[in-house]
Novice: 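First the structure, which I've put down as structure tokens, then a few questions once you've had a look.
FYI, side chains are in, hydrogens and waters are out, and symmetry mates aren't considered; it's all heavy atoms of this structure. Order of the sequence lines sets the chain letters (A, B, ...), proteins ahead of strands, with each chain counted from 1.
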Amino acid sequence: MSLYEAFPVSLTNSLTKQKEKFEPLVPGHVGMYVCGPTVYSDVHLGNVRTFMSFDVITRYFRYLGYKVRYVRNITDVGHLVGDVDEGEDKIAKKARLEALEPMEVVQKYTNGFHDVMRLFNIVAPSIEPTATGHLVEQIEFIRQLMDNGFAYEKAGSVYFNVRKYNETHHYGELSGRNVDEMLSNTRNLTGQDQKEDPLDFALWKKAEDGHLMHWPSPWSEGFPGWHLECSAMSTKYLGTTFDIHGGGMDLKFPHHEAEIAQNKGCNHEGGAQYWLHGNMLTVNGRKMAKSEGNGFTPEELLTGNHKLLERGYSAMTVRFFMLMSHYGSTLDFSNEALQAAEKGYKRLTAGLMLLDKLPPAGTGTTDLKKSEALKALADQALTNMSDDFNTSKTLASLFEIVGKINTFYQNPSEIAQIDTDSWDYVTQHFSGIIKDVLGLTVETEATGNNQLLDGTLNVLIELRKHAKFSQNYELSDKIRDDLKAVGVQLKDEKGGGMSYNID
RNA sequence: GGCGCUGUGGCCGAGUGGCUAGGCAGAGCUCUGCAAAAGCUCGUACAGCGGUUCGAAUCCGCUCAGCGCCUCCA
């Protein structure tokens, strides 16, 4: 029996607003599409949260034994600037400001995005398609929509006919709206006179004079509209129907709603079976966003060089911090919470490292009850992950195992009572979940590999052992205190051993 | 205005109709030359007011507070 059969996944489907059992279209395989970043500026920590959430989801599916095709796009064209620069492309605008070629902007921020993903140990998607690389597919998609009667051309631009679509479908099924209510609430935007209806959205926009990014099409020299790329690329790589579509909560409307309409209008199928939405990272209760001025970049986070930050925090601390909450809940950023997370993360990874120092299990009389109880903790961790990827509950289970590990370290007689099969099972999943699923790496490993530092510290430790043995506590305390002052913490262990930790 | 969400002990944050979340901080104890770490124990919580129920923080209603989307947005 495979792991995914033993621990069947259930997830909250935004489409039905219910928690459902996950049943992939193709047994043993998962196709997932997640909306990636628009590469016209640096990503901030709020962006990172969403990608981290779907990173954990991907990792967990793979851990369970699924083959996952994870598609996450790069939006390098097509999102229009909303206000004054009506109709101008965000990336084109930025290019002019920075006096760069548009693709130079794209490349710069794409590279930056990848650096950030690596920093937070977020696995690369199986396919990372770009909008500019799929213009042929998008044009074909528009053509099909026009053939099906859901799109019309006006002065070189093509629009999706929401009213027409809504006659046979429900525009608003994902976001819980309906067309009639929306009509009375639509703002009067300028520059929309070409549309037949304010609800309609652009599939193709004719480029104005001076517009930097444009491509030929049957309708005009122009560029694709806001929502098209995701429909075209998910269909190309995952099919007209696929398992999961993910993205940030703020994309639900209109982006994802439009995507569904495009998919159904073109393919007669609605794309994803399950829609997953990651919630926002907030600061003082407000969404972290560039426009709010409350966003900071990962670099500022590490250095602490931002007015919201009391000091810097490591990438793994932040990763742990984000894992403490459920992806579907808002998470509020604060220095207190980060500092608490830092210690929690250290406690967890300390347990992980202690595993290697533990005496072997099963050397005494096996206590079946204790063995089973321990094993149950590992099962619990997996059950919690399968319950809508509840990393928060999973961490709680893992911390219970940490407590056991610490106890075993202090009382070897306890671990002797655990049968080896149970112990292997627990340790395998304990470290597997931490490293492979949660994607937490042990940050102190780097210093452990520094042989010069390690050797030097061992000299000092030997000195202190001598001092301590001869009851020269003044000297032994001085060594300990002075090392502490430079960030190295010595710990006396039972039996006269000493170990060190680097903060 | 429309649609939706949240309000948990000092802080962060899970959660289910009755059974321990967990992390951080705090108190006591054990261990220890002293520390640190670790282990054990503890506090006491579910915005307010009603209702349903044998029983609700968990379901329903109202009130208050806050947030998201409706415009690019993870």
Novice: Which nucleotide sits closest to the side chain of A:Glu181: B:G33, B:G39, B:G2?
Specialist: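 In terms of side-chain proximity for A:Glu181, the closest of B:G33, B:G39, B:G2 is B:G2.
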Novice: Could you check A:Leu440, A:Thr441, A:Leu352 and say which one makes a side chain to side chain contact (heavy atoms under 4.5 Å, CB included) with A:Lys435?
Specialist: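 Per the side chain to side chain contact (heavy atoms under 4.5 Å, CB included) rule, the option paired with A:Lys435 is A:Leu352, out of A:Leu440, A:Thr441, A:Leu352.
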Novice: For A:Phe61 and A:Phe389, work out which heavy atoms get closest and say how close.
Specialist: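 For A:Phe61 versus A:Phe389, the nearest heavy atoms are CZ-CZ, 3.7 Å.
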Novice: Does B:A38 have a Watson-Crick or wobble partner in any strand here, with both distances under 3.5 angstrom, and which is it?
Specialist: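 For B:A38, the partner nucleotide comes out as B:U30, under the 3.5 Å rule.
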Novice: Produce the list of close N/O pairs, under 3.5 Å, pairing protein atoms with atoms of nucleotides 56-61 of chain B; give distances to one decimal.
Specialist:
none

Novice: Base, sugar-phosphate, or nothing: which does A:Leu348 touch, judged by heavy atoms less than 4.0 Å apart?
Specialist: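 No contact.
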Novice: Could one point to a donor on the side chain of A:Asp477 or the base of B:G33 with an acceptor on the other under 3.5 Å away?
Specialist: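 Donor-acceptor pair under 3.5 Å: yes.
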Novice: Counting only side-chain heavy atoms from C-beta out, which of B:C69, B:A14, B:G13 sits nearest to A:Leu331?
Specialist: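 Selected nucleotide: B:G13.
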Novice: Checking contacts here: which listed nucleotide (B:C70, B:A38, B:A74) is nearest the side-chain heavy atoms of A:Asn406?
Specialist: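 It is B:A38.
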Novice: Just verifying a value: how many Å separate A:Gln18 CD and A:Asn13 CG, rounded to the nearest 0.5 Å?
Specialist: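 Separation between the atoms: 9.0 Å.
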Novice: A:His277 near the nucleic acid: base, sugar-phosphate alone, or nothing, with a heavy-atom cut-off under 4.0 Å?
Specialist: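 If one applies the 4.0 Å heavy-atom cut-off, A:His277 turns out to touch nothing in the nucleic acid.
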Novice: One thing to verify: whether A:Glu342 and A:Arg311 come together as a salt bridge, which I'm taking to mean a side-chain N less than 4.0 angstrom from a carboxylate O.
Specialist: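 Between A:Glu342 and A:Arg311 there is a salt bridge, with a charged N closer than 4.0 Å to a carboxylate O.
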Novice: For A:Lys404, which residues count as a salt bridge (Lys or Arg N to Asp or Glu O under 4.0 Å) partner, sequence neighbours excluded?
Specialist: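 For A:Lys404 there are no salt bridge (Lys or Arg N to Asp or Glu O under 4.0 Å) partners, ignoring immediate neighbours.
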Novice: Between B:G33, B:A74, B:C70, spot the one nearest the side chain of A:Pro254, thanks.
Specialist: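 From the listed options, B:C70 comes nearest.
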Novice: With RNA chain B as reference, determine whether A:Ser175 or A:Ser325 sits nearer its 5' end, using the nearest nucleotide of each.
Specialist: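 Going by which nucleotide is closer to the 5' end, it is A:Ser175.
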Novice: Scan A:Tyr473 against the nucleic acid and name what it touches under 4.0 Å (heavy atoms): base, sugar-phosphate only, or nothing.
Specialist: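 Since a base atom lies under 4.0 Å of A:Tyr473, the category is base.
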Novice: With a 4.0 Å cut-off on heavy atoms, is A:Lys468 in touch with a base, just the backbone sugar-phosphate, or nothing at all?
Specialist: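 The answer is base, as A:Lys468 lies within the cut-off (heavy atoms under 4.0 Å) of a base atom.
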Novice: Expressed in whole Å, how much space separates the C1' atoms belonging to B:G4 and B:G22?
Specialist: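 Here B:G4 and B:G22 have their C1' atoms 29 Å from each other.
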Novice: Identify whether any heavy atom of A:Gly403 sits under 4.0 Å from a base atom; if not, whether one sits that close to sugar-phosphate; answer base, sugar-phosphate or nothing.
Specialist: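 Counting heavy atoms under 4.0 Å across all strands, the contact made by A:Gly403 is with sugar-phosphate only.
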Novice: What is the base-pairing partner of B:U53, counting Watson-Crick and G-U wobble geometry with both distances under 3.5 Å?
Specialist: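 Base partner found: none.
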Novice: Taking atom P in both B:C49 and B:G9, what distance in whole Å separates the two?
Specialist: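 About 16 Å, rounded to a whole number of Å.
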Novice: Between A:His256 and A:His277, do the side chains contain an N or O donor and an N or O acceptor separated by less than 3.5 Å?
Specialist: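 Yes - a donor-acceptor pair under 3.5 Å links their side chains.
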Novice: Taking the C1' atom of each, how far is B:U63 from B:G55, in whole Å?
Specialist: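 One C1' to the other, the span is 26 Å.
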Novice: Choosing from B:G2, B:G33, B:A38, which nucleotide comes nearest the side chain of A:Arg464?
Specialist: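 Of the candidates, B:G33 comes closest.
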Novice: Thinking salt bridges, do A:Glu462 and A:Lys465 make one under a 4.0 Å N-O criterion?
Specialist: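 So A:Glu462 pairs with A:Lys465 through a salt bridge.
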Novice: Can you tell me how far P in B:C46 sits from the matching atom in B:C19, rounded to whole Å?
Specialist: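 Approximately 15 Å lies between the P atom of B:C46 and that of B:C19.
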Novice: Output the single nucleotide from B:A14, B:C67, B:A36 whose closest atom is nearest the side chain of A:Arg286.
Specialist: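 Looking only at side-chain atoms, A:Arg286 lies closest to B:C67.
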Novice: Can you measure from CG (A:Leu119) to NE2 (A:His114) and round to the nearest 0.5 angstrom?
Specialist: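 Those atoms lie 14.0 Å apart.
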Novice: Counting any heavy atom closer than 4.0 Å, what does A:Asn384 reach on the DNA or RNA strands: base, sugar-phosphate only, or nothing?
Specialist: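 If one applies the 4.0 Å heavy-atom cut-off, A:Asn384 turns out to touch nothing in the nucleic acid.
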Novice: Which atom pairs link the protein and nucleotides 23-28 of chain B when you take only N or O atoms and keep those under 3.5 Å?
Specialist:
residue : atom : partner  : partner atom : Å
B:A25   : OP1  : A:Lys343 : NZ           : 2.8

Novice: State whether A:Phe253 and A:Arg177 meet the cation-pi test: NZ (Lys) or CZ (Arg) under 6.0 Å from the six-membered ring centroid, and within 45° of the perpendicular axis.
Specialist: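 Checked: cation-pi criterion met.
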Novice: Which nucleotide, if any, forms a Watson-Crick or G-U wobble pair with B:U6, using both distances under 3.5 Å?
Specialist: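 Pairing partner, where one exists within any strand: B:A65.
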Novice: Would you kindly give the CZ-to-C1' distance between A:Phe321 and B:G22, to the nearest whole Å?
Specialist: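 From A:Phe321 CZ to B:G22 C1': 15 Å.
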Novice: Distance check, C1' atoms only: B:U6 and B:A57, in whole angstrom units.
Specialist: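 It comes out at 14 Å once rounded to the nearest Å.
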Novice: Determine the sole option in A:Thr16, A:Leu15, A:Thr12 for which the side chain to side chain contact (heavy atoms under 4.5 Å, CB included) test with A:Trp275 is passed.
Specialist: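 Per the side chain to side chain contact (heavy atoms under 4.5 Å, CB included) rule, the option paired with A:Trp275 is A:Leu15, out of A:Thr16, A:Leu15, A:Thr12.
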Novice: Distance check, P atoms only: B:C60 and B:G10, in whole angstrom units.
Specialist: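 Going atom to atom, P in each nucleotide, I get 27 Å.
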Novice: Counting side-chain heavy atoms from C-beta on, which of B:A74, B:G33, B:A21 comes nearest to A:Ala396?
Specialist: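 My answer, after comparing the listed nucleotides, is B:A21.
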Novice: Would you please confirm or rule out a distance under 4.0 Å between OP1 or OP2 of B:U6 and any side-chain N or O of A:Ser329?
Specialist: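 Indeed not, no polar side-chain atom of A:Ser329 lies that close.
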Novice: Rounded to the nearest angstrom, tell me the gap between atom NZ in A:Lys252 and atom C1' in B:G2.
Specialist: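 In whole Å, B:G2 C1' and A:Lys252 NZ are 15 Å from each other.
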Novice: Using the ring of A:Phe51 (Phe, Tyr or Trp, six-membered ring only), decide whether A:Arg72 places NZ or CZ under 6.0 Å from its centre and within 45 degrees of its axis.
Specialist: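 Judged by the rule, A:Arg72 and A:Phe51 form a cation-pi pair.
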Novice: When only distance counts, do a donor and an acceptor, one from the side chain of A:Arg480 and one from the base of B:A35, lie under 3.5 Å apart?
Specialist: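 Indeed, a donor on one side and an acceptor on the other fall under 3.5 Å apart.
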Novice: The side chain of A:Phe51 lies closest to which of these nucleotides: B:C69, B:A36, B:A74?
Specialist: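 Closest of the options to the side chain of A:Phe51: B:A74.
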Novice: I'd like to know if A:Asp492 reaches the base of B:C34 with its side chain such that a donor and an acceptor end up less than 3.5 angstrom apart.
Specialist: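 In this structure, the two groups form a donor-acceptor pair.
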Novice: Could you walk me through whether A:Tyr345 and A:Tyr313 pass ring-ring contact (aromatic ring centres under 6.0 Å, His included), step by step?
Specialist: CA-CA 12 Å; A:Tyr345 160 71; A:Tyr313 303 97; over 10 Å; no
Novice: On RNA chain B, nearest-nucleotide positions of A:Lys287 versus A:Gly46: which is more 5'?
Specialist: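 With A:Lys287 and A:Gly46 compared, the 5'-side residue is A:Lys287.
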Novice: Please state the C1' separation for the pair B:U44 and B:G1 - nearest whole angstrom.
Specialist: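 To the nearest whole Å, 43 Å.
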Novice: When you compare B:G43 with B:C11, how far apart are their C1' atoms, in angstrom units rounded to a whole number?
Specialist: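 Their C1' atoms lie roughly 15 Å apart.
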Novice: Spell out yes or no: do the side chain of A:Ser392 and the base of B:A21 have one donor N/O and one acceptor N/O closer than 3.5 Å?
Specialist: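 Yes.
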Novice: Have a look at A:Met249 and say if it touches a base, only the backbone sugar-phosphate, or nothing, with a 4.0 Å heavy-atom cut-off.
Specialist: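 Nothing, no heavy atom under 4.0 Å.
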